[in-house]
Enquirer: 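So that we are looking at the same thing, I have put the structure below in C-alpha cells.
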Amino acid sequence: MGDRTRYEPSEAEPRILARWLESGLFHPEPVGSAQENVSIAVPPPNVTGALHMGHALNGAIQDTIIRLARMRGRRAKWILGTDHAGIATQRQVEKRLEAQGTSREELGRERFTEAVWAWREEFGGQMIEQFKRLGASLDYADERFTLDADYARAVLEVFVALYEQGLIYRDHRLINWDPGLRTAVSDLEVQEREVQDTLFHIAYPLAGGGEIVVATVRPETMLADTAVAVNPDDERYAHLVGSTATLPLVGRELPIIADEHVKTDFGTGALKITPGHDPNDFEIGRRHGLDELTVIGEDGRMTAQAGERFAGLTVADAQAAVLAALREEGFLRAQEPYLHVVPFSERSGARIEPLISLQWFMRMEELAGPAADAVRDGRVRIHPESQARRYLAWLEEIRPWCISRQLWWGHQLPVWYRGEGEVHVGREAPAGEGWERDPDVLDTWFSSALWPFATLGWPDDDPRLRAFYPTDVLSTAREILFLWVARMVMMGLRFAGDVPFTDVYVHSVIQAPDGRRMSKSLGTGIDPLGEIERDGADAVRFGLLAMSSTQDVRYNPEKVGQGRALATKLFNAARFALLNVAPGAAPAPRPTALEDRWILSRLRAAKADLAAQVDGFDFARAALGLYDFVYGELCDWYLEFTKGRAFDDDLSATVLHVVEETLKLAHPIMPFVTEELWELVPTGDPARPPLLAAAHIAPEADALADPDAEAQVARVIAVVTALRRWRDEAGVRRGAVLPVRAEAIDGLAPLVERLARVRFEGGEDEPVATVTAAGIAVDVLPTEEVDTGAAQRRVTDQREHLRGEIARAEGKLANEGFVGKAPPPVVEAERDKLTRLRTELEAL
RNA sequence: GGGCGCGUAGCUCAGCUGGCCAGAGCACCUCGUUUACACCGAGGGGGUCGCCCGUUCGAGUCGGGCCGCGCCCACCA
C-alpha cells in the first residue's frame, strides 16, 4: 500500500480477476439439493452481442445476489451461456458475407451454417470476457450454448413430446410475415408504429343495382377480397345482407355478410373482407367459412392470383396500379388522410405483411394455465408486483405461438415429409427412402424457454439438475417477460417437474441521460466498458445499483463517481487502520470505549440492512446504505473518534475487526477493491480464506446491538455538529481550541473535545455564547479566539429559530384534535420535543 | 381504446403502511495542509413537494379532477 492514497482500479482489477478465476471458486461441485444451494441462470446474451448498460446492470444485480449467497455459506452457481439468437446472428453473418461479395444463397445452407459457427468461434466469446471485466462470478468452467449438441437434444426432445401431446401442430394460418428477412415472426416480435396512411373509399356495385362503398388503407388487397361485411344491427345495410356485390377490377361476386366486428361508425360502415391479408378479416373469414385467397407472395410482390395486370408488382406499385385502375373505371369515391398504427418487424424494421402460410404452431392454453397458477399461488414471485399483473394478463389472453422460422441458423425442425401426406416427427430421421426434412428452424425463444434446465443436463438425470434446479432468482429486463420468462415457467413446469425459479426480478431500463432510449442508432448509447475503464468495475457496479429502481431510470454518471469515491474511501480507511494499529494485532471485536460499542452496533445494523435489502431486491438502498455506513458512520465519526486514543491491542483489534467486516459487507457490491484490501488486513486466524470472495459473513451477533451506545453517540454527533456550525458562523479560527463548559455531558466530553476542538473546563465565567443540541447546552467561555459580536448574532438567530419551533409544537399540543386523536406515542414524542426545545432556549 | 407508472432543491433521484424542523449525491458559496483520504474534510445557501378540490387532529404520503411526460397491451378497416 505504501504511500499510495488512491486505489487504481485499472491496475488492480485484472490482477484480482485472475486470482478469482484460478481459485475455482465460481465453479461449485454439483452436490447437495437445490433447496440448500443457490443458483441463478444468466439471461443468455446473444453470441452477436456486446455488453450494454442493461447487461451491466443485470450483471451487477445477479453478481451481488450470488456473491452474498456464497458469503452466507451457500453453494452458489451462476449458470453461464450464450444464445444462438437465430435471426440476429444470421443477419450479422449475412452482412459480413455481403461485404465479402457473396451471399447466404450462394454458399448454400451447409456452408452458410459452417460460416456462422466459424464466426461464433471467432467473436462469440466477447460477451463472456466483458462479464469477467465486470467482476461477474459466473461459472465460467461450465459454459453452455443453445446450439450445443446436448442442448439441441433437449430442444428436439421437447418438440417431439409436445407434438405427441398434440400441442404442436402444423396449420395454414395468417401469420406475421417479415418481407425483409423473409420469415414468419411471432406476435411478440412485432412492434406497432404510427403511420400516416390514406383511407380510400371504394364502390362495389351491387347485384341489384346501386353500390356499397367500403373504406380501406390497402386497396391492393382488394384483389383477394372474398366478402363484404356489415354490422348485423346496421339498418342502412340490413336489406343487403345475403345478396352480393361485384368486386371491381376482378369481377368476383362477393357475398354480403353480417358480422359483429364491423363498426357502424367507422368509415362507411361496410368492410371489405380479405381473409388472406388481414388478421381481423382472417377471423371473420373463418367464422363465415369464406375462401382465403392470397395475392401477395412471400417476396412482397403480387402473385399470379392477383391477375395479369398486377402480378409481379411490389405491394407499393400494386397499390398505385389498383388505384389508377379504380379511378379510371370510376370506382374510387373518396380518399382522406388517416393516421393509424401498423405492425413492423422488430428485427428488420420492415412493415409486416400478414400472410396465410403453412407454419408450425404451439397451442398455449394448456401450458399457460399452470404458468399463471404458479405465480398466483406464489411458487414464483415476481418483483415488482405490477409486473406480476402484466404477466397474468398476458397469459390470460394467450394466443397460438408460431414457432417455425424460415432461417438456416437454429434448431432445424425434427420433421420429415414424404410425398403428399406423410409426416414424421421424431428425433431421428425415419427409415425408408424419399423423406425430406423440413428446412425451417425453431424460433430462438423456443430453445431459450428450456434454459434453466437444459443448461443443467436435462433430459438426463444429471447431478447438476438435482443440485441447482429450480434456480432461485431470474433477473431480467421487462421487455422479455412474455417472450422468455413466461415461456420458461411453462416449459419448466411441464418438462422439469417444477418452476424454473422462485423469484423473478424485473430491473430498470437504463435510459440515456436525456431520457431517451439508449441506442446505437440514436447515438445515445453509453458503453459500460468505457465507464469501467475510467472509474473501475466497482464504481460502475455501485453506480448502476444505486441508480436502479422499479422505474426506468436515466443513466447518471455521478452515481458512478460516487462509487469511485467509495472505493477510494475504503482504500484510505483501510490505510488509516493499517498505519495505526499495534504490530501483531489481529481483528477481533474488543470494545473498550463507548464509540467502540457504537460502531459495532452500527456495523451489525448495516450488515442486517444490506442483506435484507438485497433479499428484497432493493439494490439502490443496499448500495446507498453501504455508502452511508462507510462515510457517515465509519469514516466521519468512528475513525475520527479513534484519533487521539492510544492504539493499544484492544483498539487495534477492534478497528481491524470493523475494517474487515466492512470489506465483507461491501464485497458483494464492490468485489474488486474489497478483495484487494482483504489481503492487506492482518489476520490471527489461520483458517481465514485467502480470498475475500470465499469468506463467510458471520450471522448477525445480537450481542453487539447496543441501543444505549447508539443513543449516546447520537447526542455526541448532534453536539459536535452544532459546535462546528457555531464556530464556522462565528468565524472562529479552524485550529483554535475553545474553552467550554457544560452540564449533563457526562462521559461524552472526551468525544466532543476530540471532534469539535473544544476543552471542557469549570469556572464561573460568564459565557460569550451557548450552543445547544440534543438537550445539551454548551457554554462557550471567553477567549480571544471568539468575536463576540458574531457570536451574539448567532445566538439571536438560534433563539428565533427555537421560538418558532416551540410555537409550532405548542400549537400542535394545544389542538384538542391532535391530543385526542393522534396515537399516544406521537403525542408523547411531540411533548418530549417541546421540553427539549424549551431547555435549549432557556440555556441561551 | 385499455392498463401501469412518473412529475419533490439548478441536475439526477430517495422519501415504505399519513406524524420529530422534507433528505442524498452532484453542482454552487465559505473555510481548511489537525496522525487515512484534495477523487478529501468542516460548514452553508437553495424546495408554493405539477395544479385544484376533498378526507383527516395532521397529507409530499390517501381519494377525486385537471395539466405535462413515459412505458406496456390492443384485430376500428
Side-chain angles (χ1 to χ4, degrees), chain A residues 1 5-7 192 199-200 214-218 221 229 261-263 265-274 278-284 338 340-341 354 386-387 389-390 393-394 397 478-479 481-482 509 511 513 515 535 539 546-547 549-559 561-562 564-580 618 620-621 624 627-628 632 635-636 639-640 642-644 647 721 724-729 731 733-735 754-755 757 801 804-805 808-809 812 815-823 825-827 829-830 832-833 836-837:
Chain A
M1 190 172 254
T5 59
R6 277 190 211 169
Y7 165 70
E192 306 284 334
L199 192 61
F200 299 96
V214 299
T216 180
V217 291
R218 299 201 58 193
T221 64
H261 172 263
V262 184
K263 300 286 181 284
D265 58 353
F266 187 88
T268 61
L271 177 61
K272 68 191 261 309
I273 302 300
T274 321
D278 182 278
N280 302 312
D281 296 6
F282 180 80
E283 296 300 328
I284 294 171
Y338 182 54
H340 67 148
V341 291
S386 57
Q387 298 305 316
R389 292 197 295 273
R390 264 184 76 217
W394 184 74
E397 302 275 309
R478 186 163 49 228
E479 64 193 31
L481 189 64
F482 309 144
V509 173
Q511 301 169 329
D535 287 321
M547 67 184 96
S549 84
T550 57
Q551 296 283 128
D552 289 353
V553 293
R554 296 176 183 209
Y555 184 73
N556 182 200
E558 286 163 7
K559 285 278 193 295
Q562 208 179 335
R564 168 128 203 188
L566 179 56
T568 307
K569 199 72 173 170
L570 283 168
F571 182 88
N572 281 299
R575 185 165 183 270
F576 172 79
L578 296 173
L579 251 34
N580 284 288
D618 192 345
R621 272 172 197 273
L624 294 169
Y627 180 94
D628 287 341
C635 293
D636 289 350
L639 294 183
E640 294 301 322
T642 66
K643 293 177 182 174
F647 267 81
T721 305
R724 282 172 173 172
R725 182 180 185 179
W726 180 85
R727 292 175 58 121
D728 238 52
E729 289 176 356
R733 192 170 57 85
R734 272 283 136 177
R754 254 175 259 162
L755 296 203
R757 306 226 122 220
H801 176 75
E805 287 305 319
R808 179 202 285 263
K812 236 176 166 180
N815 182 338
E816 282 176 32
F818 176 71
V819 180
K821 295 187 184 176
V826 173
V827 178
E830 199 62 30
D832 289 350
K833 177 185 156 195
R836 200 195 74 224
L837 293 171

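Keep in mind it's a predicted model, so treat the numbers as computed, not measured. Just so it is clear: chains get the letters A, B, ... in the order the sequence lines come, proteins before strands, and each one is counted from 1.
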Enquirer: When both hydrogen-bonding distances must be under 3.5 Å and the geometry is Watson-Crick or G-U wobble, what is B:C4 paired with, if anything?
Expert: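 Pairing partner, where one exists within any strand: B:G70.
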
Enquirer: Heavy atoms from C-beta onward define the side chain here; which of B:G25, B:A77, B:C37 lies closest to that of A:L271?
Expert: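 Nearest to the side-chain atoms of A:L271, counting from C-beta on, is B:A77.
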
Enquirer: For A:L624 and B:G25, what is the distance between atoms CG and P respectively, to the nearest whole Å?
Expert: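 Those two atoms, CG and P, are 10 Å apart.
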
Enquirer: As a test of reading the structure: which of B:G41, B:C39, B:U35 is closest to the side chain of A:R564, going by heavy atoms?
Expert: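 When the side chain of A:R564 is considered, B:C39 is the closest of B:G41, B:C39, B:U35.
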
Enquirer: So which nucleotide from B:A38, B:G44, B:C39 ends up closest to the side chain of A:R6?
Expert: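 Shortest atom-to-atom distance from the side chain points to B:C39.
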
Enquirer: Is there, by distance only and without an angle test, a donor paired with an acceptor across the side chain of A:H261 and the base of B:C75 below 3.5 Å?
Expert: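 By the distance-only test, yes, there is a pair.
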
Enquirer: A:L639 has an atom CG; how far is it from atom P of B:C40, in whole Å?
Expert: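 Nearest whole value for this atom pair: 16 Å.
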
Enquirer: Looking at the base of B:A42, is there any donor atom on it, or on the side chain of A:E640, that sits under 3.5 Å from an acceptor on the other one?
Expert: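 Side chain to base: no pair below 3.5 Å.
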
Enquirer: Taking CD from A:E397 and P from B:C73, how many angstroms apart are they, rounded to a whole number?
Expert: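 Result: 13 Å.
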
Enquirer: For A:W394 and for A:Q511, locate the closest nucleotide of RNA chain B by heavy-atom distance; then report the residue assigned to the nucleotide nearer the 5' terminus.
Expert: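 Per heavy-atom nearest nucleotide, the more 5' residue is A:Q511.
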
Enquirer: Quiz question: going by heavy-atom distance under 3.5 Å, is there a donor-acceptor pair between the base of B:A36 and the side chain of A:K643?
Expert: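 Indeed, a donor on one side and an acceptor on the other fall under 3.5 Å apart.
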
Enquirer: Looking only at side-chain N and O atoms, does A:K263 come under 4.0 Å of OP1 or OP2 in B:C75?
Expert: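 Indeed not, no polar side-chain atom of A:K263 lies that close.
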
Enquirer: Could you work out which one of B:A74, B:C37, B:C13 sits closest to the side chain of A:T568?
Expert: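 Minimum distance to the A:T568 side chain belongs to B:C37.
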
Enquirer: Show me the protein contacts with nucleotides 2-8 of chain B, counting only N or O atoms at under 3.5 Å.
Expert:
| from | atom 1 | to | atom 2 | distance (Å) |
| --- | --- | --- | --- | --- |
| B:G5 | O2' | A:Q551 | OE1 | 2.5 |
| B:G5 | O2' | A:Q551 | NE2 | 2.7 |

Enquirer: Counting side-chain heavy atoms from C-beta on, which of B:A36, B:A14, B:G41 comes nearest to A:S549?
Expert: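 Ranking B:A36, B:A14, B:G41 by closest atom to the A:S549 side chain puts B:A14 first.
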
Enquirer: Please give the nucleotide sitting opposite B:C28 as a Watson-Crick or G-U wobble pair, both distances under 3.5 Å, or none.
Expert: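 Base-paired to B:G44.
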
Enquirer: Could you grab the distance from atom OG1 of A:T550 to atom CD of A:Q387, nearest 0.5 Å is fine?
Expert: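 So the gap between those two atoms works out to 9.0 Å.
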
Enquirer: Please give, in whole Å, the distance from B:C13 P to A:R621 CZ?
Expert: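 For the pair A:R621 CZ and B:C13 P, the rounded distance is 17 Å.
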
Enquirer: From CG of A:N572 over to P of B:A38, roughly how many Å is that when rounded to an integer?
Expert: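 Those two atoms, CG and P, are 7 Å apart.
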
Enquirer: The side chain of A:V262 is closest to which nucleotide in this list: B:G43, B:G25, B:A77?
Expert: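 Nearest nucleotide to the side chain: B:A77.
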
Enquirer: Counting just side-chain N and O atoms, does A:Y338 come under 4.0 Å of either OP1 or OP2 of B:A77?
Expert: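 Looking at the OP1 and OP2 atoms of B:A77, one of them is under 4.0 Å from a side-chain N or O of A:Y338.
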
Enquirer: Let's see if you can work this out: which of B:C13, B:G43, B:C37 has an atom nearest to the side-chain heavy atoms of A:R724?
Expert: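 Side chain of A:R724 sits closest to B:G43.
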
Enquirer: Calculate the interatomic distance between A:R725 atom CZ and B:G45 atom C1'; express it in whole Å.
Expert: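 For the pair A:R725 CZ and B:G45 C1', the rounded distance is 11 Å.
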
Enquirer: Is the positively charged end of A:K643 above the ring of A:F576, judged by distance under 6.0 angstrom from the centroid and angle within 45° of the axis?
Expert: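 Positive - A:K643 is close enough to the ring of A:F576 and near enough to its axis.
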
Enquirer: Please determine, for the side chain of A:R734, which listed nucleotide (B:A42, B:G44, B:A77) has the closest atom?
Expert: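 For the A:R734 side chain, the nearest candidate turns out to be B:A42.
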
Enquirer: Let me know, please, whether A:T216 or A:N556 comes out on the 5' side of the other along RNA chain B by nearest nucleotide.
Expert: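 Closer to the 5' end of RNA chain B: A:N556.
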
